[in-house]
Amino acid sequence: MLFKQQAWLRQKLLVLGSLAVGSLLYLVARVGSLDRLQPICPIEGRFGARGQAEFPLRALQFKRGLLHEFRKGNASKEQVRLHDLVQQLPKAIIIGVRKGGTRALLEMLNLHPAVVKASQEIHFFDNDENYAKGIEWYRKKMPFSYPQQITIEKSPAYFITEEVPERIYKMNSSIKLLIIVREPTTRAISDYTQVLEGKERKNKTYYKFEKLAIDPNTCEVNTKYKAVRTSIYTKHLERWLKYFPIEQFHIVDGDRLITEPLPELQLVEKFLNLPPRISQYNLYFNATRGFYCLRFNIIFNKCLAGSKGRIHPEVDPSVITKLRKFFHPFNQKFYQITGRTLNWP
Ligand code: A3P
């Protein structure tokens with residue numbers, strides 16, 4: 001009898017012990033990202049000494065949980081409202097450039113507790129049908145956030161679409177605009193690779209890059225080819241400058257975001273007037289993927305989807321040289337206008 005009681009007690013202690021260890025691990029995971037941060041400020045005191053927003057991190061953790069429950073249907077709209085959560089128009093937009101690293105930039109900025117991302121590309125300003133639905137439709141597409149957080153969306157087609165600058169200006173003339181660029185020839189090849197993959201998925205054949213990028217009649221660069229046109233960054237930027245001063249733009253070096261993301265993200269934090277919160281802890285190099293991935297805490301990590309970081313086809317070196325020569329004067333102009341010199345050939 002005594003032996004039976006002892007065994008029962010031992011079993012109970014084991015269960016309790018495992019529960020305690022489990023809870024401890026859970027807590028460490030939840031606050032994993034917090035221990036790198038400055039002391040948590042009270043919810044009321046949201047603004048730091050330098051006028052920069054301080055964010056109630058515990059509340060943000062709670063918000064994530066609440067929104068999760070809301071999506072699952074376990075929390076009501078009232079509860080969301082009660083906790084001050086609102087759908088806000090973006091205060092910053094990643095307007096392009098397609099294949100510049102727009103997804104990586106958005107996901108990485110989303111590591112910041114003050115940033116909330118719109119997960120999907122909304123295509124509000126570049127799609128006439130969506131635009132006709134009105135600004136409330138757009139706002140309703142935004143994620144829930146605290147009023148002191150900033151919402152960011154990305155739709156790379158905005159950069160090259162004629163009507164977009166004026167439409168964004170009408171919504172908010174002081175909005176911050178982020179443009180992530182890559183060396184123009186590499187970007188054009190990346191653009192081609194995406195289209196090629198789409199064709200192959202549908203069992204369709206497609207031209208070689210060289211055939212599209214070089215006009216066979218003149219043997220010059222084919223400026224009618226969209227992948228080439230999109231890489232003439234200065235031409236597109238000039239249209240935007242009719243509406244917004246250059247101070248409202250920030251240029252992100254997409255090639256550096258691949259190899260050394262943190263300094264690029266720190267520049268963006270500064271541009272957005274956010275306190276520096278993204279650290280090396282949040283970014284780790286994944287050798288299998290060949291890219292940096294994101295670490296939210298000791299449990300939750302993620303890499304970008306496999307469609308980001310495709311292997312590019314081999315391109316005739318003489319075509320690459322021709323394209324680089326073609327882009328060179330446009331690049332110089334782009335450096336001059338933006339004040340950011342990138343070491344493109
Ligand atoms: P490639 O597929 O040519 O390598 P976008 O999101 O604008 O479509 O850009 C896609 C590009 O983002 C990819 O182009 C890839 O090089 C780049 N990129 C930058 N950082 C990345 C990361 N951490 N993981 C995956 N891709 C990344």
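Just so you know, ligand 1 is whichever comes first in the structure, and atom 1 is the first atom listed for that ligand. Heavy atoms only: backbone and side chains are in, while hydrogens, waters and symmetry mates are out.
When hydrogens are left out, the protein atom nearest atom 19 (C) of ligand 1 is Ile258 CG1, 3.4 Å; that is the closest non-hydrogen contact. The nearest heavy-atom contact from the protein to atom 20 (N) of ligand 1 is Ala104 CB, 3.3 Å.
The contact set between ligand 1 and Met108, taken as ligand atoms under 4.0 Å from a residue heavy atom, comprises 23 (N). Near Arg103, the atoms of ligand 1 lying under 4.0 angstrom from a non-hydrogen atom of the residue are 6 (O). Those atoms of ligand 1 that come under 4.0 Å of a heavy atom in Tyr292, given as number and element, are 22 (C), 23 (N). Atom numbering of ligand 1 starts at 1 in the shown order; those under 4.0 Å from a heavy atom of Gly100 are 7 (O), 9 (O).
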>> Show, in sequence, the C-alpha distance, side-chain angles and deciding distance for Tyr292 and Tyr284, and conclude whether the ring-ring contact (aromatic ring centres under 6.0 Å, His included) test is met.
In response: CA-CA 5 Å; Tyr292 276 88; Tyr284 67 97; 8.3 Å; no
>> Please determine whether salt bridge (Lys or Arg N to Asp or Glu O under 4.0 Å) holds for the pair Lys170 and Glu166, giving the CA-CA distance in whole Å, both sets of side-chain angles, and the decisive distance to 0.1 Å.
In response: CA-CA 6 Å; Lys170 279 184 183 157; Glu166 185 181 358; 3.5 Å; yes
> Between Arg167 and Asp128, is a salt bridge (Lys or Arg N to Asp or Glu O under 4.0 Å) present by the stated rule, with each step listed?
Replying inline: CA-CA 11 Å; Arg167 289 175 176 178; Asp128 290 343; 3.0 Å; yes
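Selection from Arg182, Lys99, Glu107, Arg310 by nearest heavy atom to atom 14 (O) of ligand 1 gives Arg182. Counting only non-hydrogen atoms, the option in Thr102, Asp255, Val97, Thr186 that gets closest to atom 5 (P) of ligand 1 is Thr102. Compare Gly309, Gly101, Gly306 by their heavy atoms: the one nearest to atom 4 (O) of ligand 1 is in Gly309. Nearest-heavy-atom check against atom 8 (O) of ligand 1 across Arg98, Gln194, Lys308 picks out Lys308.
Taking each heavy atom of Pro345 and Glu183 in turn, the nearest pair found is CD-CG, 3.8 Å.
Contacts between Arg256 and ligand 1 below 4.0 angstrom, taking non-hydrogen atoms only, are absent altogether.
Proximity of the aromatic rings of Tyr158 and Phe124 is defined here by a centroid distance below 6.0 angstrom, and this criterion is not met. Aromatic pair Tyr192/Tyr206: centroids less than 6.0 angstrom apart.
The aromatic rings of Phe244 and Tyr169 sit perpendicular, their planes meeting at an angle over 60°, well past the 30° parallel limit. In this structure, Phe334 and Trp344 have parallel ring planes: the angle between them is below the 30° cut-off, well short of the 60° mark.
Some N or O of His312 is nearer than 3.5 Å to an N or O of ligand 1, by distance alone. Considering backbone and side-chain atoms alike, Lys154 places every N or O at 3.5 Å or more from each N or O of ligand 1.
With Tyr281 as the aromatic partner, Arg295 meets the cation-pi criteria of under 6.0 angstrom to the ring centre and within 45 degrees of the ring axis.
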